[in-house]
Amino acid sequence: MSLILYNTLTRAKEPFTPADPARVTMYVCGPTVYNYAHIGNARPAVVFDVLFRLLSARYPKVIYARNFTDVDDKINAAAKAQNVPIKTITDKFKAIYQADTGALGVMPPTLEPCATDHIPQMIAMIETLLKGGYAYEAESHVLFNVPSFPAYGRLSGRDRDDMIAGARVEVAPYKKDPADFVLWKPSTPDLPGWDSPWGRGRPGWHIECSAMIEAHLGATIDIHCGGHDLTFPHHENEIAQGTCAHGGATYARVWMHNGFLTMDKEKMSKSLGNLFTIHELLEKAPGEALRWAILSAHYRQPLEWSDETIAQAKTTLDRAYRALEQVADITAIPNVAPTAVIAALEDDLNTPKAMAEVAAIVKALNQATATADKARLKGQLVAAGNLLGVLQQQPAAWFGAAKDSSGVDAAEVERLIAARLAARKAKDFKEADRIRDMIAALGVTIEDRADGTKWRVTE
RNA sequence: GGCCGAGUGGCAGAGUGGCCAUGCAGCGGAUUGCAAAUCCGUGUACGUCGGUUCGAUUCCGGCCUCGGCCUCCA
């Protein structure tokens, strides 16, 4: 089977063939680290983590880089407000981002380069662009001259007339062309800056990604990913810089863009304020449930986010873990994920379809009576879960975590369960039911099973 | 204004020219002392108006509505 990916550049699904199957390269635009990331920011991290897993299963070596933008006006503002160096801010939120995405089951990328570690590479790339006549210096700025790159606009599907007609930004007087963008800009003494041939300054946002890609992945990469809102201008500018700096070499062969999380149909965003941070959601729900919720829609579609979305994901995972709990003592036959799950993911990361297949395995597992069937299905379920980054915990750990975070007094519950058991043995069902009502009042649901009474926190 | 995307049952959300998504919720049944869990069954659907077709939710066109980008933005 071949892997099919939707390429924004061609607006079509295409079979994916790496330039070098022995070294597959992918890059995802990571966060600007000045604040807590919201759950919408988590979508590319989670979605392209699935892509990373899928590629890693197919190719011997996948190099996945996801950057940190650690120099930026917003970071400067935050540092100034707290009167600390920017590194204090960026170190803190880098760690938080890594911890938060880790809690969502996101595997660490192969590389997580930081912009500030690549200033010399950025300067070198800018010099190359200047030499080639693609950029110019003006009033201590260096700007990329967009008319020097005729293919500009191809990724986002807009021509120059569109861009000029739609321009909502006042054009700086030193720009030769309204569409020109900053590669390097001057810093004032109170702001972070680096010495350069054009004076003390700092890089523009777009050059960061291009320089880090060049440094770690090469002139041409296989897959470049990011949120839909980065298509223009960020990715368009990256293509312009990268292509011109490399003698016309293709910058990225495939471009993938994820859609947004929405609330009441509107984009979740900082400017609208309609957001939940990953950090606060993790206090209310397991990271795995948040991940399941994020993957429950196709990555290019919008996903309507609410407490209900999370609750449904949690309940669905409960069901899967309950099925696994029933076969906890059975050794899974080591197994590859079922063909149907792989086929769904290989069709442009159709995670909802893959999850429907997972649901089918859960049902089959619940129906199964023969041990051999259970072992086989358990292996399928865990292997499928591994591709999606879910169902890798021990069921006891999954349910145990829910108990731990609920604040329920486990000893008290156990005591009541024992009392109820005694009443049931005495056939005093009225008393048994009374005790169960007491247990229910604690927010606990109990299940009488062949192997004893189990309890869990009521949904 | 330009460019782009979307409208599916109570909710989330796949998909397809003719038959089933799936999960959550609901309803009925089995099971259970009663529950819970599980299994079985079940209802509710494809914005609107036309066109193509033996047949369209699925293809084509108009209309309506919503959203995204055009500025930092996942």
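To find a chain, count down the sequence lines: A is the first, B the second, and so on, and within it residues start at 1. The model shown is predicted, which means the values in this text are computed figures rather than measured ones. Below, each value reflects all heavy atoms present in this structure, side chains not excepted, and no hydrogens, waters or symmetry copies.
- Nucleotides B:G47 and B:G43 have their C1' atoms positioned 23 Å apart, rounded to a whole Å.
- Atom-to-atom, CG of A:D229 to P of B:G67 comes out at 17 Å; the value is rounded to the nearest Å.
- Between B:C39 and A:N366, a contact under 4.0 Å exists linking OP1 or OP2 to a side-chain N or O.
- Atom P of B:A36 sits at a distance of 13 Å from the matching atom of B:G29, rounded to the whole Å.
- Considering CG of A:D348 and CD of A:E14, their distance stands at 10.5 Å, rounded to 0.5 Å.
- At a cut-off of 3.5 Å, with distance as the only test, no side-chain donor of A:E283 or A:H279 sits close to an acceptor on the other residue.
- In this structure, A:K363 reaches the sugar-phosphate backbone alone: every heavy-atom distance under 4.0 Å involves primed, P, OP1 or OP2 atoms, never a base.
- Centroid-to-centroid, the aromatic rings of A:H257 and A:H224 stay 6.0 Å apart or farther.
- Of the residues near RNA chain B, A:A364 and A:L261, the one whose nearest nucleotide (by heavy atom distance) lies more toward the 5' end is A:A364.
- In this structure, A:Y34 has its ring center no closer than 6.0 Å to that of A:F93.
- Rounding to whole angstrom units, CG of residue A:L391 and C1' of B:G23 are separated by 13 Å.
- Between the side chains of A:Y251 and A:S210, at least one donor N or O lies within less than 3.5 Å of an accepting N or O.
- Aromatic ring centres of A:H141 and A:W184 lie farther apart than the 6.0 Å criterion allows.
- A:S296 comes within contact range of the sugar-phosphate backbone alone, with a heavy-atom separation under 4.0 Å but no base atom that close.
- The P atoms of B:G18 and B:C59 are separated by 11 Å, rounded to the nearest whole Å.
- A ring-centre distance under 6.0 Å is not found for A:H38 and A:F276.
- Counting only residues at least two apart or in different chains, salt bridge (Lys or Arg N to Asp or Glu O under 4.0 Å) contacts with residues 27-52 of chain A comprise A:D49-A:R53, A:D49-A:R291.
- When heavy atoms are screened at a 4.0 angstrom cut-off, A:H38 is found touching base atoms of the nucleic acid.
- Within 4.0 Å of A:G40, counting heavy atoms only, lies at least one base atom of the nucleic acid.
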For nucleotides 34-37 of chain B, tabulate all protein N/O to nucleotide N/O atom pairs closer than 3.5 Å, reporting atom names and distance.
unit_1 : atom_1 : unit_2 : atom_2 : d
B:C34  : O2     : A:D433 : OD1    : 3.4
B:C34  : O2     : A:R436 : NH1    : 2.7
B:C34  : O2     : A:R436 : NH2    : 2.3
B:C34  : N3     : A:R436 : NH1    : 2.8
B:C34  : N4     : A:D448 : OD2    : 3.0
B:A35  : N1     : A:D448 : N      : 2.9
B:A35  : N1     : A:D448 : OD2    : 3.4
B:A36  : O3'    : A:R456 : NH2    : 3.4
B:A36  : O2'    : A:R456 : NH2    : 3.1
B:A37  : O3'    : A:R322 : NE     : 3.2

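- Nucleic acid contact for A:L303: sugar-phosphate only, since backbone atoms but no base atoms lie under 4.0 Å from a heavy atom of the residue.
- A close approach under 4.0 Å does not occur between any side-chain nitrogen or oxygen of A:K265 and OP1 or OP2 of B:A6.
- Counting non-hydrogen atoms under 4.0 angstrom, A:G259 reaches a base of the nucleic acid.
- Rounded to whole Å, the distance from CD on A:E236 to C1' on B:C3 is 12 Å.
- Between the side chains of A:N67 and A:Y27, at least one donor-acceptor pair of N or O atoms lies under 3.5 Å.
- Separation of the C1' atoms belonging to B:G13 and B:A6 is 14 Å when rounded to the nearest angstrom.
- Nucleic acid contact class of A:P302 (heavy atoms, under 4.0 Å, all strands): sugar-phosphate only.
- The side chain of A:Q312 contributes no N or O atom lying less than 4.0 Å from OP1 or OP2 of B:G13.
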### Summary
Applying the Watson-Crick and G-U criteria (both distances under 3.5 angstrom) with [ ] for crossing and | for other-strand pairs, one obtains for RNA chain B (((((((..(((.....[...))).(((((.......)))))....(((((..]....))))))))))))....
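- On the C1' atoms, B:A30 is 14 Å away from B:A37, given to the nearest whole Å.
- Note on A:T316: only backbone sugar-phosphate atoms sit closer than 4.0 angstrom, heavy atoms only; bases stay farther off.
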